[in-house]
S.K.: 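There's a structure below that I have some questions on.
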Amino acid sequence: MKTVVQKKYIWFGPLIATVITGCFLAAEMPFSNWDYPYQTYADGCLRLVIGFLALVVLRFIYKDEFKRLFCNRIPSKTWIYLIPFWASLVIYIVMFICAEEVSFALLPNFFVNWIIQITTGFWEEAVCRGIFMVGMLCFWKTSVRGRLFMIGTAGLFFGLIHFSSFFFGASIDNVLYSMLFSGLWGAFIAAIYMQSENLLLVMLLHVIWDIIVRIPEFFVTVYPEDSIIYYLDEILRLVVLPFVAIGVALFAFEKKKCQNTL
């Protein structure tokens, strides 16, 4: 049975992650009425600051083991688990290639938007995976039930924080879909982080994802009708990725001694 100290340590991560995320959302609100591109610049700076704050917290927790988060050897199986991730990105590229009409009028905006995509991958992974899962990786990784609960709670947290888009003008339908997809995607990335324990890897994956999936959004003006591509995208997002996450929790585990200190 876990000691009281261990139980507090498990929930230390979610508590700190919630506080940091709440502070980020509160600080982001004033930028919503700013003009483009100043809103993008300010928002990017805020995300960068929050990301570095999260790294300071992780440095405090891991102490001498902090560097391990960025240089852990990535297991070869990780690349196998990432196959549906890359397949989903290929679909977005195919959407662009097969579009009936494209426009490059927003090309400058696309590159400016990289500020948000890069800093989002930085802060969200540092907080939503690095901090949120720190205690769980110590004490829940040794059991199947613990691993399933870990990726489930990490996915739920990631989905819930995307409800914030409602306060920035998104429709409730878009918000609910965003929460569903973000939760399932967050569970998948949590499983990859749990298996690799490489925070740099999931940061890079997050940045690459955010940039690629927005290619059709910026450049495609007329989509082909009734294309099978859309169905494949939904299947990968809503079915394959969460099933892979569950598979990682069930089968991909190498027992390691927890070296974190608080």
Side-chain angles (χ1 to χ4, degrees), residues 2 6-7 9-18 20-21 54-55 57-58 61-62 65-86 88 121-161 181-209 236-237 239-262:
K2 299 292 187 293
Q6 289 174 329
K7 287 181 179 179
Y9 183 67
I10 287 173
W11 293 109
F12 171 82
L15 176 62
I16 298 302
T18 301
I20 292 178
T21 302
L55 291 186
V57 174
L58 287 170
I61 295 171
Y62 281 93
E65 295 293 318
F66 174 71
K67 291 183 179 179
R68 180 169 59 84
L69 295 176
F70 301 91
C71 58
N72 256 357
R73 180 180 176 275
I74 301 171
S76 57
K77 287 184 178 180
T78 302
W79 303 110
I80 297 176
Y81 301 135
L82 285 170
I83 289 176
F85 175 90
W86 301 119
S88 191
F122 174 50
W123 91 263
E124 285 190 348
E125 294 308 318
V127 173
C128 300
R129 253 62 70 177
I131 293 178
F132 187 91
M133 295 172 60
V134 61
M136 300 176 189
L137 285 172
C138 269
F139 304 113
W140 286 354
K141 193 177 176 181
T142 54
S143 72
V144 170
R145 185 174 62 178
R147 294 193 293 272
L148 288 171
F149 196 74
M150 188 192 319
I151 64 174
T153 53
L156 178 62
F157 178 76
F158 196 63
L160 287 174
I161 67 174
F181 166 68
S182 298
L184 296 176
W185 192 89
F188 172 78
I189 291 296
I192 295 298
Y193 178 56
M194 177 182 68
Q195 196 261 343
S196 67
E197 291 194 42
N198 191 307
L199 189 60
L200 179 60
L201 171 66
V202 293
M203 284 181 174
L204 292 175
L205 292 175
H206 196 145
V207 171
I208 293 170
W209 176 276
L236 282 171
R237 280 173 171 245
V239 179
V240 177
L241 290 182
F243 265 94
V244 171
I246 293 172
V248 171
L250 292 176
F251 306 113
F253 174 66
E254 296 178 3
K255 189 173 182 179
K256 295 181 181 179
K257 183 180 179 181
C258 176
Q259 297 178 320
N260 298 347
T261 57
L262 179 63

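Residue indices begin at 1 and follow the sequence shown.
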S.K.: Supply the atom-to-atom distance W140 CH2 to T153 OG1, rounded to the nearest 0.5 angstrom.
M.R.: 5.5 Å
S.K.: Of all heavy-atom pairs between Q195 and V248, which one has the smallest distance, and what is that distance?
M.R.: CB-CG1, 3.8 Å
S.K.: How many angstroms lie between OG in S182 and CG in L156, if you round to the nearest 0.5 Å?
M.R.: 12.0 Å
S.K.: Would W86 and L205 count as a side chain to side chain contact (heavy atoms under 4.5 Å, CB included) if you check the C-alpha gap in whole Å, the side-chain angles of each, and the deciding distance to 0.1 Å?
M.R.: CA-CA 10 Å; W86 301 119; L205 292 175; 3.8 Å; yes
S.K.: Would you indicate whether the side-chain heavy atoms of L199 and L58 approach each other to under 4.5 Å?
M.R.: yes
S.K.: Sub-3.5 Å donor-acceptor pair from the side chain of R147 to the main-chain atoms of K141, do we have one?
M.R.: yes
S.K.: Going by heavy atoms in the side chains, are V134 and Y62 under 4.5 Å from each other?
M.R.: yes
S.K.: Below 6.0 angstrom between ring centroids: does that apply to H206 and W185?
M.R.: yes
S.K.: In Å, rounded to the nearest 0.5 Å, how long is the span from CG of L69 to OG of S196?
M.R.: 10.0 Å
S.K.: Taking the six-membered ring of F181, is NZ or CZ of R237 closer than 6.0 Å to its centre and within 45° of its axis?
M.R.: yes
S.K.: State the CD-CE distance between E125 and M133, to the nearest 0.5 angstrom.
M.R.: 10.0 Å
S.K.: Side chains of P14 and M136: closer than 4.5 Å at any heavy-atom pair?
M.R.: yes
S.K.: Quick check: closest heavy atoms across C128 and I161, and the distance to 0.1 Å?
M.R.: SG-CD1, 3.7 Å
S.K.: Looking at N198 and I74, would you say the former's side chain and the latter's main chain have a donor-acceptor pair under 3.5 Å?
M.R.: no
S.K.: Please name the pair of heavy atoms, one in A187 and one in A245, separated by the smallest distance, quoted to 0.1 Å.
M.R.: O-CB, 3.8 Å
S.K.: Using the six-membered ring wherever Trp is involved, compare the ring planes of F188 and F85 and label them parallel, tilted or perpendicular (cut-offs 30° and 60°).
M.R.: parallel
S.K.: Ring centres under 6.0 Å, that's the criterion: do F66 and F70 meet it?
M.R.: yes
S.K.: For residues P242 and L236, report the shortest heavy-atom separation together with the two atoms involved.
M.R.: CD-O, 4.5 Å
S.K.: Determine, step by step, whether V127 and F158 satisfy the side chain to side chain contact (heavy atoms under 4.5 Å, CB included) criterion, reporting the C-alpha distance in whole Å, the side-chain angles of both residues, the deciding distance to 0.1 Å, and the verdict.
M.R.: CA-CA 10 Å; V127 173; F158 196 63; over 6 Å; no
S.K.: For F157, does the six-membered ring have the charged nitrogen or CZ of R129 within the cation-pi criterion, i.e. under 6.0 angstrom from the centroid and within 45° of the normal?
M.R.: no
S.K.: Say you draw a straight line from CD1 of I192 to CH2 of W79; how long is it, rounded to the nearest 0.5 Å?
M.R.: 9.5 Å
S.K.: Donor-acceptor pair, distance only, cut-off 3.5 Å: does the side chain of T78 make one with the backbone of P75?
M.R.: yes
S.K.: Is there a side-chain contact between F12 and I131, using heavy atoms and a 4.5 Å cut-off?
M.R.: no
S.K.: For the pair T21 (side chain) and A17 (backbone), establish whether a donor and an acceptor sit closer than 3.5 Å, ignoring hydrogens and angles.
M.R.: yes
S.K.: Contact between L55 and F122 at the side-chain level, heavy atoms closer than 4.5 Å - yes or no?
M.R.: yes
S.K.: Using the salt bridge (Lys or Arg N to Asp or Glu O under 4.0 Å) criterion, which residues pair with E124? Sequence neighbours excluded.
M.R.: none
S.K.: For P84 and L241, work out which heavy atoms get closest and say how close.
M.R.: CB-CD2, 4.0 Å
S.K.: Nearest 0.5 angstrom please: F149 CZ to S143 OG, how far?
M.R.: 11.0 Å
